[in-house]
Number of protein chains: 2
Amino acid sequence: MEPVLDLSRPCRSCLRCDLKPACRPVGLDGLEACPLDGVVRADRLLGRTDRLFRAGGEMACVYLVREGALKTVTLAPDGEEQVLGFHLAGELLGLDALATGRHRCDAVALGSATLCELPFPSLLARAAQRPALHAQLYRAIGRSAGRDQEHVEMLIRRQAADRIAMFLHALLERTRPFGEAPLAPALTLPMSREDIARYLGLALETVSRGFTRLQDDGVIGVAGRHVEIRNADTLRRLVRQG
Amino acid sequence: MEPVLDLSRPCRSCLRCDLKPACRPVGLDGLEACPLDGVVRADRLLGRTDRLFRAGGEMACVYLVREGALKTVTLAPDGEEQVLGFHLAGELLGLDALATGRHRCDAVALGSATLCELPFPSLLARAAQRPALHAQLYRAIGRSAGRDQEHVEMLIRRQAADRIAMFLHALLERTRPFGEAPLAPALTLPMSREDIARYLGLALETVSRGFTRLQDDGVIGVAGRHVEIRNADTLRRLVRQG
DNA sequence: CGGCGCCTTGACTGGCTTCAAAATGCGTGG
DNA sequence: CCACGCATTTTGAAGCCAGTCAAGGCGCCG
């Protein structure tokens, strides 16, 4: 990771970025036409457990993950941490405050992470000049909501094994390099078993057992946080059949 | 319920409507200033089990519930219906298609229902002229996302009793008449036990038992779909303590 | 090399699902 | 208006899945 990021050039995650057509016109020669010039204010650098924003805090910016990953969490009334979502490279972050202007959850870096930072008022002002940007923004919000819906669909499934298979499948889809194979062959999980458990509404031991079970069945290979896909078809079938 | 709705006058649910400031300027003398004049196209009348839109269908409109209630559902791969959300009077509906332009779920009326229908292209065109409308729209989307987040928070709670208490509490908050008592004293559930179960990821028998238990503990009174709040403080405590 | 998270594995318990049947409510047609 | 039939809801009993408690292994960093 570079100590200082060069904002004048698109990075790898820009290829899949939620705001791609609105931001870096990848593939075009110049950057003069970038609708977000002057709006993407500065990069933000986070370390593991650093908080990007906190529940109750005023929403200043919308963020785009460039490198690394974050989780959004709420503190349940009983003190337990609930994981609402994971945010990977290219994904939007910070829209939870859209209704009230104040964040509903904390955003925590799962490791070193860099982000694009878009001051929301500037973004809206720019969108007022360029209607296409509004359309982009709505689409990005829609994708974010779609991920939330997938989360709900996992949680409603009553069998732990189903939830775990769906989680892995969704994560693999999201990390899949743009335009490549139907399913990434391997990935390194940015989050702990406990984070996964609190995301899926399970005990962390259950998640661990679920991974082991998938390995015993020859679907995946697990070594700590490194997961290798051994049988993508079976994984897909597990997700479909429930 | 009137056979034909008078769109020139605000109805009861307009008081809590997700788009209120943008639509009927309730309290003002005239309606000339309504930013949505000409956009709210016509009212839609639905009967029980009628579908407002279906998964895969092209998104034409955004809807606002005037009377009645709807549920949004997906068909799980195993054929089971999953309930993603309930939409009460004044709430927005149809934003699930924001990302792709195609709906991700079905919307089903839980009983007779009437809706305001806002063709999305017209809405965006009008918003381009009136920036404040965009702001309204973002807020409405944010509220919708906030309800989804509450849903996730219920589902992550592992005890069935917690989920049921939270569900009741949230529903009471949402049906509470504008500016009135902290919690509605009673309500008639628009959805069946099975719908609630598929919304909470539980078996319908578990939901029924949960209601009975709350009644035995003196928290609520249950008679079929009619629920009366006997001890609002206890209900709130259940929600907070988990 | 030692300590400390993190992950895995095992045994046991409890809560939820499942299966089953009875009761209640509701709309329809006689 | 009442009787019937169907859908919905309640209640009961039994079995299983997942949570809890506990211990051991692994890898990482100091």
Side-chain angles (χ1 to χ4, degrees), chain A residues 47-49 71 76 78-83 108 110-112 154-168 188-217 220-228 238 242, chain B residues 47-49 71 76 78-83 108 110-112 154-165 167-168 188-217 220-227 238 242:
Chain A
R48 193 180 121 78
T49 73
K71 63 177 175 181
D78 58 1
E80 297 272 290
E81 185 179 280
Q82 294 184 321
V83 177
V108 186
L110 294 169
S112 315
M154 283 182 223
L155 288 168
I156 294 184
R157 307 300 277 296
R158 292 192 285 235
Q159 300 289 326
D162 298 351
R163 298 191 207 174
I164 294 166
M166 289 182 77
F167 168 75
L168 265 181
T188 300
L189 301 174
M191 72 291 282
S192 69
R193 297 287 189 274
E194 183 167 14
D195 286 332
I196 300 174
R198 295 188 185 285
Y199 178 73
L200 294 179
L202 299 170
L204 75 90
E205 295 96 328
T206 307
V207 173
S208 182
R209 279 187 249 268
F211 276 43
T212 304
R213 181 67 200 278
L214 283 172
Q215 178 166 247
D216 291 347
D217 293 350
I220 61 174
V222 185
R225 297 203 179 176
H226 191 74
V227 176
E228 173 198 342
L238 284 174
Chain B
R48 194 180 120 80
T49 73
K71 62 177 176 182
D78 58 1
E80 297 271 291
E81 186 180 280
Q82 294 184 320
V83 177
V108 187
L110 293 169
S112 315
M154 283 183 224
L155 288 168
I156 294 185
R157 307 300 278 295
R158 291 191 285 234
Q159 300 289 324
D162 298 352
R163 298 190 206 175
I164 293 165
F167 168 75
L168 266 180
T188 301
L189 301 173
M191 73 292 282
S192 68
R193 297 287 188 273
E194 182 167 14
D195 285 334
I196 300 173
R198 295 187 184 287
Y199 178 73
L200 293 180
L202 299 171
L204 75 90
E205 294 95 328
T206 306
V207 174
S208 181
R209 279 186 249 266
F211 276 46
T212 304
R213 180 68 199 278
L214 282 172
Q215 177 165 247
D216 292 347
D217 293 350
I220 60 173
V222 185
R225 296 201 179 177
H226 191 75
V227 177
L238 286 173

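Each chain gets a letter, A, B and so on, in the order the sequences are listed, and its residues count up from 1.
Ionic pairing of E194(B) and R198(B) is present here: one or more N-O contacts between side-chain nitrogen and carboxylate oxygen are shorter than 4.0 angstrom.
Within the model, atoms CG of D195(A) and NZ of K71(A) stand 3.5 Å from one another, a figure rounded to the nearest 0.5 Å.
Taking atom CG of D78(B) as the reference point, atom P of dT18(C) lies 11 Å away to the nearest angstrom. To the nearest angstrom, P of dC16(C) lies 16 Å from CG of L155(A). R157(B) has its CZ atom 13 Å from the P atom of dC16(C), to the nearest Å. For the pair R158(A) CZ and dT18(C) C1', the computed distance is 10 Å after rounding to whole Å. In this structure, R198(A) places its CZ atom 14 Å from C1' of dC6(C), rounding to the nearest Å. For the pair Q159(A) CD and dT17(C) C1', the computed distance is 9 Å after rounding to whole Å. Regarding L200(A), its CG atom lies at a distance of 14 Å from the C1' atom of dA18(D), rounded to whole Å. The distance between atom CZ of R213(A) and atom P of dT8(C), rounded to the nearest whole Å, is 16 Å.
Residue contacts for G201(B): at a heavy-atom cut-off of 4.0 Å it reaches the sugar-phosphate backbone alone, with no base atom in range.
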All N/O contacts under 3.5 Å from nucleotides 6-10 of chain D to the protein, with atom names and distances to one decimal?
from, atom 1, to, atom 2, distance (Å)
dT9(D), OP1, R225(B), NE, 3.2
dT9(D), OP2, R193(B), N, 3.0
dT10(D), OP1, R193(B), NH2, 3.1
dT10(D), OP2, R193(B), NE, 2.8
dT10(D), OP2, S208(B), OG, 2.7
dT10(D), O5', S208(B), OG, 3.2

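Under the side chain to side chain contact (heavy atoms under 4.5 Å, CB included) rule, L214(B) has a single partner from V222(B), I220(B), V227(B), which is I220(B).
With hydrogens and angles disregarded, a donor-acceptor distance shorter than 3.5 Å links the side chain of R193(B) to the backbone of G224(B).
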Test log, rule side-chain contact (heavy atoms from CB on, under 4.5 Å), inputs R157(A) and E80(B): CA-CA 10 Å; R157(A) 307 300 277 296; E80(B) 297 271 291; over 6 Å; no
